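Okay, so here's the structure we're looking at.
First listed ligand is number 1; within each ligand, the first listed atom is number 1. Values in this document were obtained by computation on a predicted structure and should not be read as measured data. Positions are given from 1, in the same order as the sequence printed here.
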Amino acid sequence: MPIYEYVCTDCDSKFEKIRPVSCATEPAPCPTCQKDAERVLSRFSCFTTDDSGMMAPVGGDACSSCSASSCDSCNM
Ligand SMILES: [Zn+2]
């Protein structure tokens, strides 16, 4: 099952949840305040520029600009 990332709009905490695809659009309860958190597409929010100047999604799980496993910290 894929891992989805959520951000709680109430307390700004981020957490990940493994869920079936069929449940992906449902809000997940925040582990901190138990309110519904919104899903964020962290895997698809990282982009790089290739040789032709085109913006392209970064392949794989790592962000090219910060080499972290997710790109939350690089604000790309
Ligand atoms: Zn919360």
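- With Tyr6 as reference, Arg19 is the one residue of Glu38, Arg39, Arg19 to meet the side chain to side chain donor-acceptor pair (under 3.5 Å) rule.
- Put simply, CD on Glu26 and NZ on Lys17 are 11.0 Å apart, with the number rounded to the nearest 0.5 Å.
- Thr9 approaches Asp36 most closely through the heavy-atom pair OG1-O, 4.5 Å.
- Under 2.8 Å from the Zn ion (ligand 1), one finds the following protein N/O/S atoms: Cys8 SG, Cys11 SG, Cys30 SG, Cys33 SG.
- Contact record, Cys30 with Phe15: CA-CE2, 3.8 Å, taken as the closest heavy-atom pair.
- Gln34 contributes atom CD, which lies 9.5 Å from atom SG of Cys8 (distance to the nearest 0.5 angstrom).
- Taking OH of Tyr4 as the reference point, atom CD1 of Ile18 lies at 11.0 Å (rounded to 0.5 Å).
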